[in-house]
Amino acid sequence: MNMNKIIIHGGRPLTGKVTVSGAKNSIVALMPASILADEPVVLEGVPDISDVHALINILQIMGAKIHFAKGVLTIDPRGVKSIPMPSGKINSLRASYYFMGALLGKFGKAVVGLPGGCNLGPRPIDLHIKGFKALGADVSDDNEDVMRLRAKATGLVASRIFMDMVSVGATINIMLAAVKAKGITVIENAAREPEIIDVATLLNNMGAKVYGVGTNEIRIEGVSELHGTRHSIIPDRIEAGTYLAIAAAVGKGVTVNNVLYEHLESYISKLEEMGVQMTIREDSITVHPNHDLKMVNVKTYPHPGFATDLQQPITSLLLKACGRGELIDTIYERRIGHIPELKRMGANIKIEDNHIVMTSPNELVGTEVVASDLRAGASLIVAGLMAKGVTTIHNVEFILRGYDRIVEKLTNLGADIALVDTNNIDKVKIKERG
Ligand code: UD1
C-alpha cells in the first residue's frame, strides 16, 4: 500500500485522552537482544510501527520464528544463524546496528551492513567498534557497506571501555556483546537513557548480570547462557512528549496516559517554564488549555538533559509563544530539516551559527511540506494542527517508523487528519495497520 501523505485541516481544538505506546528506541534494541536467549522471549506493549515490522523481517531471515498480535511479540530465536546481513536487507533503520552486538555476543561473529535510519547529519559508529575491539573482536570494514566482526577462537573477553562521547547506541551494543563475554566488562561514561535500563532489565531477566544501568558506569559480569523470559516495554517518552506538545499547542484539556514523569523531567520543566498548565499524576499528565505561553531557550543534552528527539516537536510549540527563543541541539547540529518547512508555513524562524532562532508573533498557515526525518515529521504534525488551513505532509513513511497509529490517536482527540494514498485522487482515510 502506498500511503505517503498526511493531510491536516488545522486549528481544531483537541480534547480527550491519548495513550502512549511502548518505546520505539527500546523495542528496536529489545528485538535484537532477544536473539541472545536460547529460548523464546515474549515482549509486551510492542508498538505497531514500521521499524518493528522491518526488524521482524530481518529476524525471520536470520531464522527466528515470530508471532506478533495485539502488541505481544514472541521471538523464538532457536533457529537463528549468524548469516551475513548485507546493507540492502537492513539499511532502512539505524537500529539494525544492534545485530552487530547481539550476533557477536551470541555466535562470536557477525557480518552486518552499515546502518541507515534518519538523516541527522554524520552519525558515526566508531564508539561501537571501539567497544567490540576492546572485547577482543577483529573488526574489518574493507567493504565499505559491511562490517565484519569476529571474536578470537577463545571468545570475547571482558574489558574496561571508556566512551569518548555519551552514546545510546554504543552503550547498548557493547552491553549486548559483553553479556556472555568472559569476566567483568565495565562501560565508563555510559549513556543513561531509560531505554538502556529497559534493555538491561530484559537481559537480566534472561539471566544476564548487568549492574549500574542508569548511572554512567555499567558493569557486566559475563554468563554462559541466557534463557527465555517475558518483558513489558517502557512507555515511549518521545511519543509522550510529542502529545504533550500537541496538547499544549491546540488542546482544550488533553490527558496523556502511560507517561512516566521521571523519564521526562527536563522536558516537563521546560513546558512549565513556558507557562504550560499541567496536572501530573503517577502515570498520566493532563494539559490544561493554554493561552499565554512564554518563549524559552532550549539546549539538548544526553539524558537526563533535554532529549534531542524532542527538539523538533517543541520547536513547533514554541511558535505559539511570545518573545524570542533559541534552540541549540548539541547532539545533532544538523537536526534542522523541519526549519525550512516551518518557514514555508509562515514561521519567523532562522538558523544562526547552528542556533535555531524564533521570534514572535507567528501565524502558521497550512501548505505542502516534507518530513525530512522522523521527528521533523512530528514537528510538522504539531505545526499542521496549529496552522490555519490545510497542511499536506509528504514523506510520512518517516513518521510511521516511530509513531504507533498516530492518525487514529489524533482523530480520537478530535483532529481533522487523514493518511492518504497518493494513488487515490480523493482524500480517503486509510485504516492504519493493526
Ligand atoms: C539514539 C536514538 C535517537 C536519539 C539519539 C540521541 C535509537 C534507536 N536512536 O541514536 O533517537 O536521537 O540516541 O539521544 O535509540 N556518536 C559518535 N560515535 C559513535 C556513536 C555516536 O560520534 O560511535 C555521536 C553521534 O554522532 C551523536 C552522539 O554521539 O552526535 C549521540 O549519538 P547516539 O547516542 O549514539 O545516538 P544513536 O544511538 O544513534
Side-chain angles (χ1 to χ4, degrees), residues 22-33 47 49-52 54-55 90-102 114-134 139 141 147 161-177 187 189-200 216 233-234 236-239 241-242 263-264 266-267 299-314 328-338 354 372-379 398-399 401-403:
K24 167 195 166 277
N25 284 351
S26 267
I27 187 64
V28 297
L30 296 170
M31 290 173 73
I49 52 177
S50 64
D51 270 10
V52 164
L55 284 167
I90 63 171
N91 65 4
S92 67
L93 76 164
R94 176 145 182 93
S96 56
Y97 56 34
Y98 290 132
F99 284 111
M100 295 180 189
L114 289 176
C118 282
N119 179 16
L120 308 179
R123 296 178 80 181
I125 56 163
D126 54 306
L127 295 171
H128 305 234
I129 294 165
K130 174 179 168 172
F132 298 144
K133 283 185 174 165
V139 182
D141 57 351
M147 198 64 73
I161 303 156
F162 184 85
M163 312 294 284
D164 307 320
M165 266 180 103
V166 177
S167 161
V168 176
T171 302
I172 292 179
N173 230 344
I174 295 167
M175 259 168 39
L176 298 180
I187 308 175
N189 199 25
R192 294 185 281 162
E193 269 67 3
E195 294 75 21
I196 294 170
I197 302 177
D198 207 23
V199 175
N216 56 10
I233 298 160
I234 57 168
D236 194 311
R237 64 198 164 98
I238 310 302
E239 187 194 7
T242 304
H263 289 177
L264 276 164
S266 52
Y267 183 72
K299 207 166 179 178
T300 70
Y301 289 106
H303 194 77
F306 191 101
T308 167
D309 287 348
L310 285 169
Q311 177 262 105
Q312 289 158 300
I314 207 174
I328 304 172
D329 199 324
T330 68
I331 315 281
Y332 294 115
E333 279 182 0
R334 304 308 299 160
R335 197 165 210 175
I336 50 175
H338 53 317
N354 288 332
S372 56
D373 59 80
L374 168 59
R375 308 300 171 187
S379 154
F398 277 120
I399 300 170
R401 281 190 47 213
Y403 286 90

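Note that this is a predicted model, so its numbers are computed, not measured. Indexing begins at 1, ligand by ligand and atom by atom, following the structure's order.
A side-chain donor-acceptor contact under 3.5 Å links Gln311 to the backbone of Arg335. Side chain of Asn173 to main chain of Gly101: a donor-acceptor pair is present (N/O by atom type, distance under 3.5 Å, no hydrogens or angles). Using modelled atom types, no side-chain atom of Ser379 and backbone atom of Arg375 make a donor-acceptor pair closer than 3.5 Å. A side-chain donor-acceptor contact under 3.5 Å links Glu193 to the backbone of His303. In this structure, the side chain of Asp329 does not engage the main chain of Thr300 through any donor-acceptor pair within 3.5 Å.
Near Gly169, meaning under 4.0 Å from any of its heavy atoms, are these atoms of ligand 1: 35 (O), 38 (O). Taking every non-hydrogen atom of His128 and a distance limit under 4.0 Å, the qualifying atoms of ligand 1 come out as 23 (O). Set against the non-hydrogen atoms of Asp126, the atoms of ligand 1 under 4.0 Å away are 17 (C), 18 (N), 19 (C), 22 (O), 23 (O). Residue contact check: Ile125 has heavy atoms under 4.0 Å from atoms 19 (C), 23 (O) of ligand 1.
Counting heavy atoms under 4.0 Å from ligand 1, residue Ala170 does not touch it at all. Residue Tyr301 does not touch ligand 1, judged by heavy-atom distances below 4.0 Å. Under 4.0 Å from ligand 1, the heavy atoms of Asp309 that appear belong solely to its side chain. At a heavy-atom cutoff of 4.0 Å, ligand 1 is contacted by the side chain of Val28 but not by its backbone.
The residue among Val199, Ile196, Thr308 with a heavy atom at the shortest distance from atom 14 (O) of ligand 1 is Thr308. Nearest residue to atom 15 (O) of ligand 1 from Leu127, Asp329, Asn25, Leu310 is Asn25 (criterion: closest heavy atom). Among Tyr97, Tyr332, Tyr98, the residue whose heavy atom lies nearest to atom 5 (C) of ligand 1 is Tyr332.
For ligand 1, the polar-atom distance check finds an N/O of Val168 within less than 3.5 Å of one of the ligand's N/O atoms. Checked by distance only, ligand 1 and Ile331 come closer than 3.5 Å through their nitrogen or oxygen atoms. Below 3.5 Å of separation, one finds an N or O of Pro124 facing an N or O of ligand 1. Every N/O-N/O distance between Lys24 and ligand 1 stays at or above 3.5 Å.
For the ligand labelled ligand 1, residue Arg335 lies inside the 4.0 Å heavy-atom shell.
Residues Arg401 and Asp373 are not paired through a salt bridge, judged by the lack of any N-O separation under 4.0 Å between the basic side chain and the carboxylate. With respect to Glu195 and Lys24, no salt bridge is recorded, no charged nitrogen being found less than 4.0 Å from a carboxylate O.
At least one side-chain heavy atom of Arg334 sits less than 4.5 Å from a side-chain heavy atom of Asn354. You'll find the side chain of Tyr98 stays beyond 4.5 Å of the side chain of Leu30, heavy atoms only.
In this structure, Phe306 has its ring center closer than 6.0 angstrom to the ring center of Tyr267.
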